[in-house]
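Notes follow once the structure below has been shown.
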Amino acid sequence: MSIDSKPEPETTKAETKADIYNNGAPHTKSNGEYIERFTPTGTHATYIEEHDIATLSQEHRDYLLRRHGTLNLDPLPGPGDADPYNWTNWKKVANLILVAFHACMSTFTAASIIPAYQDIAKDLNVSLQRTTYLTSLQIAILGAAPLFWRPLSNRFGRRPIFLLSLIGSLICNIGCAKSPTYPSMAACSALVALFISPPGAIGSAVVVETFFKKDRARYMGIWTLMITLGVPISPLIFGFVAYRVGYRWIYLILAMINAVQFVLYVFLGPETRYLRRGVKHHGSEPKQEYFTFRRIDPTPLTAWEFVQPLQYAKYACVVIPTVAYSMIYLFGCVLISVEVPQLFGEKFHFNVQQLGLQFLGIIIGSVIGEQIGGALSDFWMNRRARKISARPNPEFRLWLSYVGYLLTIAGLVVFLVCIQQAPEGHWNVTPIVGAAIAGAGNQIVTTVLITYAVDCYHEEAASIGVFITFVRQIWGFIGPFWFPSMFANIGLTGSAGVISALIIGASILPTILLQWRGKAWK
């Protein structure tokens with residue numbers, strides 16, 4: 001949705017900046033000139049909280065009762081069909097699927113060439129280690145690039161940014177397919193990551209902007225699951241592609257997927273960025289959602305906003321779950337995915353097609369884990385709310401994360417120890433079962449911790465999503481540089497012990513502390 005928005009006069013020239021800030025809504029001078037609300041993020045006027053229900057007009061109340069049959073909604077929608085909270089469920093889900101698949105494509109693209117490293121190295125006449133940097137480069141950019149896209153999406157909307165993302169990614173993927181040298185392929189790969197990155201971080205904001213709090217974990221889980229699945233599904237598919245028709249077709253197929261996504265977005269991807277306070281919305285619902293491309297939020301864009309999400313490093317209720325999740329993601333997803341070609345290739349002498357099949361375990365495990373992290377998480381919180389007749393603290397959700405931590409540790413131990421114990425050239429399924437267990441644990445932790453952080457500061461969902469993505473991707477970028485040294489120096493069995501200790505120290509113990517002190521730290 002893009003909207004024609006005109007701030008309503010709510011203040012006079014005599015009012016001070018402090019008055020405007022304390023009022024908590026956007027204002028204009030008496031002559032109609034806009035005065036920004038002095039907030040650090042530029043996400044003002046977006047949400048109407050439950051405690052603001054007394055301020056609603058009778059017309060607004062009547063609309064909500066007709067549309068939802070109740071005023072017991074969190075957050076409260078605005079009085080119009082273009083408000084994403086008032087959309088039909090199929091429309092919400094269709095849009096979410098597009099955004100979640102787009103988020104999947106960010107990690108899917110970065111992991112696409114993993115099974116074809118040897119072919120690329122031979123074709124471009126570079127070392128195998130240097131070839132892996134093509135993936136590492138994209139991982140790093142996927143973490144940093146959302147810092148650039150978030151402020152633009154706050155001002156101009158999610159839809160224009162997503163459409164631009166797909167056009168840019170499509171063109172640069174074709175550039176990768178046609179690149180004759182390693183430097184040109186690296187440059188095009190970097191640009192692909194820059195363009196494809198927005199939904200991998202902003203998707204958390206889309207979920208919050210579309211679904212009520214009672215369903216948030218379930219739908220946040222769809223987004224997080226697709227991000228996770230992008231890593232293992234890509235080499236599974238493209239192992240066959242590289243083996244049958246050559247690795248350059250990987251990039252051409254990615255470009256084709258981007259083209260299909262773009263067409264679907266044009267017709268099924270409405271705008272979700274919607275201001276509910278201090279603005280008037282003009283035009284029909286389709287016009288607001290699909291056909292008006294202009295600035296949504298009139299607050300000035302400042303340089304600070306491009307680094308603002310990094311300030312969440314000082315908020316315990318964001319930084320602790322972010323670090324805990326990033327450690328789990330590093331080992332439960334990145335390590336397994338990146339090291340499969342080396343570990344299985346050297347031990348069992350697999351070709352690219354056989355290597356791709358090894359990713360089935362983590363895919364199956366991630367899907368199973370999401371059933372606990374998503375739907376069960378919402379059930380867990382809603383059941384608690386009914387029991388105490390009040391909204392439970394967000395920290396109550398964290399109980400489910402311990403299941404994910406323990407499954408991740410168990411799965412990684414099985415994965416690494418069983419590979420080391422297997423005779424050379426004699427493959428068995430046990431390491432893949434371990435990968436599935438670790439994948440399930442990773443997905444539980446992913447959904448539970450991201451939903452917890454967003455619940456604590458839901459009005460800043462986009463900023464939190466960018467911060468989490470930044471930390472996760474940078475940590476994921478560093479990991480593959482020290483994994484081989486760890487395996488070589490202490491073996492796979494010793495590495496399993498080190499990984500378990502890191503998860504306990506960086507994930508489990510901080511989560512226990514967060515449950516104990518989380519409410520006081522908000």
Item to check | side-chain contact (heavy atoms from CB on, under 4.5 Å) assessment of Ile174 paired with Tyr251 | outcome: CA-CA 6 Å; Ile174 294 175; Tyr251 296 115; over 6 Å; no
Next on the checklist: Walk me through whether Asp297 and Thr299 qualify under side chain to side chain donor-acceptor pair (under 3.5 Å).
Outcome noted: CA-CA 6 Å; Asp297 188 340; Thr299 53; 2.9 Å; yes
Next on the checklist: Before you tell me yes or no, could you show the steps for Ser197 and Ser106 under side chain to side chain donor-acceptor pair (under 3.5 Å), namely the whole-Å CA-CA distance, both residues' side-chain angles and the distance that decides it to 0.1 Å?
Outcome noted: CA-CA 6 Å; Ser197 64; Ser106 62; over 6 Å; no
Item to check | Test side-chain contact (heavy atoms from CB on, under 4.5 Å) applied to Leu76 and Tyr85, step by step | outcome: CA-CA 8 Å; Leu76 287 166; Tyr85 289 131; over 6 Å; no
Checklist entry - Stepwise, does the ring pair (Phe, Tyr, Trp, His ring centres under 6.0 Å) test hold for Phe212 with His68? => result CA-CA 12 Å; Phe212 294 111; His68 301 280; 5.5 Å; yes
Item to check | side-chain contact (heavy atoms from CB on, under 4.5 Å) between Tyr312 and Val319, worked out | outcome: CA-CA 6 Å; Tyr312 283 97; Val319 74; over 6 Å; no
Checklist entry - Passes side-chain contact (heavy atoms from CB on, under 4.5 Å), Gln138 versus Gln473? Steps please. => result CA-CA 9 Å; Gln138 289 195 319; Gln473 295 299 125; over 6 Å; no
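Nearest heavy-atom pair across Arg276 and Pro84 is NH2-CD, 3.9 Å. What you find for Phe211 and Asn89 is that their closest heavy atoms are CE2-OD1, 4.4 Å. When all heavy atoms are compared, the tightest approach of Ala100 to Met226 is O-CB, 3.2 Å. The two residues Leu142 and Thr469 make their nearest non-hydrogen contact at O-CG2, 3.5 Å. Taking both residues in full, the closest heavy atoms of Leu449 and Ser401 are given as CD2-CB, 4.1 Å, listed atom of the first, atom of the second, then distance. Between Ala205 and Ala461, the shortest heavy-atom distance links the atoms CA-CB, 3.8 Å.
The shortest distance between side-chain heavy atoms of Phe359 and Val340 falls below 4.5 Å. Residues Tyr405 and Val445 meet the side-chain proximity criterion, which asks for heavy atoms closer than 4.5 Å. By the 4.5 Å heavy-atom criterion applied to side chains, Val338 and Thr135 are not counted as neighbours. Side-chain contact check for Leu268 versus Asn95: every heavy-atom pair is 4.5 Å or farther apart. Using a 4.5 Å heavy-atom cutoff, the side chains of Leu170 and Phe262 are not in contact. At least one side-chain heavy atom of Leu254 sits under 4.5 Å from a side-chain heavy atom of Met105. Ile196 places a side-chain heavy atom less than 4.5 Å from the side chain of Asn258. You'll find the side chain of Cys104 stays beyond 4.5 Å of the side chain of Ile227, heavy atoms only.
Of the possible polar contacts, none joining the Ser463 side chain to the Pro309 backbone as a donor-acceptor pair under 3.5 Å is found. Counting only distance, with no hydrogens or angles, the side chain of Asn382 and the backbone of Asp378 share a donor-acceptor pair below 3.5 Å. Looking at Arg472, its side chain never comes within 3.5 Å of a backbone N or O of Ser326 through a donor-acceptor pair. Listed for the Asn173 side chain is no donor-acceptor partner under 3.5 Å among the backbone atoms of Val192. A distance-only check finds no donor-acceptor pair linking the side chain of Trp249 to the backbone of Phe238 [under 3.5 Å]. For the pair Asn86 (side chain) and Gly80 (backbone), a donor-acceptor distance under 3.5 Å is present. Remark: the backbone N or O of Ser366 is not paired with any side-chain donor or acceptor of Glu370 at under 3.5 angstrom. Judged purely by atom type and a 3.5 angstrom limit, Trp223 has no side-chain atom pairing as donor or acceptor with the backbone of Ala201. Between the Arg159 side chain and the Gly269 main chain, a donor and an acceptor come within less than 3.5 Å of each other. Between the side chain of Ser337 and the backbone N or O of Val334, no donor-acceptor pair lies under 3.5 Å.
Here OG of Ser234 is found 7.5 Å from CD1 of Ile250. Values are rounded to the nearest 0.5 Å. Once rounded to the nearest 0.5 Å, the distance linking CZ of Phe101 with CG of Leu96 reads 13.5 Å. Interatomic distance, Ile464 CD1 to Ile450 CD1, rounded to the nearest 0.5 Å: 10.5 Å. Note: Ser507 OG to Ile320 CD1 = 11.0 Å, rounded to the nearest 0.5 Å. Expressed to the nearest 0.5 Å, how far CG of Asn154 lies from CD1 of Ile296 amounts to 9.5 Å.
Side-chain contact annotation: Gln288 with Tyr274, donor-acceptor N/O pair under 3.5 Å absent. Under the 3.5 Å distance criterion, with hydrogens and angles disregarded, a donor-acceptor pair is assigned to the side chains of His102 and Tyr265. No hydrogens or angles considered: nothing links the side chains of Thr408 and Asn442 as a donor-acceptor pair under 3.5 Å. Looking only at atom types and distance, the side chain of Arg397 has no donor-acceptor partner in the side chain of Thr451 under 3.5 Å away. Looking only at atom types and distance, the side chain of Thr210 has no donor-acceptor partner in the side chain of Tyr219 under 3.5 Å away. A donor atom on one side chain and an acceptor atom on the other are not found under 3.5 Å apart for Thr302 and Trp304. A donor-acceptor pair shorter than 3.5 Å can be found between the side chains of Thr447 and Thr224. For the residue pair Trp87/Glu289, the side-chain donor-acceptor check at 3.5 Å is satisfied. Between the side chains of Thr228 and Gln443, at least one donor-acceptor pair of N or O atoms lies under 3.5 Å.
Taking a 6.0 Å sphere around OH of Tyr243, one finds it holds 12 or fewer heavy atoms contributed by other residues, nucleotides or ligands. Atom CZ of Arg61 sits in a crowded spot, with more than 12 heavy atoms from other residues, nucleotides or ligands closer than 6.0 Å.
Phe148 and Phe306 have parallel rings, their planes meeting at less than 30° on a 0 to 90° scale where 60° marks the start of perpendicular.
For Glu460 and Arg150, the salt-bridge test fails: no basic side-chain N is under 4.0 Å from an acidic carboxylate O. Ion pair Glu209/Arg158 flagged as a salt bridge, since at least one NZ, NE, NH1 or NH2 atom sits closer than 4.0 Å to an Asp/Glu carboxylate oxygen.
The side chain to side chain contact (heavy atoms under 4.5 Å, CB included) with Gln358 is formed by just one residue from the set Ile336, Leu236, Ile432; it is Ile432.
The ring of Trp475 has its center no closer than 6.0 angstrom to the ring center of Tyr329. Note: Phe470 and Phe467 fail the aromatic proximity criterion, with ring centroids not under 6.0 Å apart. Tyr315 has its ring centre less than 6.0 Å from the ring centre of Tyr457.
With a 6.0 Å cutoff to the six-membered ring centre and a 45° limit on the axis angle, Arg384 counts as a cation-pi contact of Phe396.
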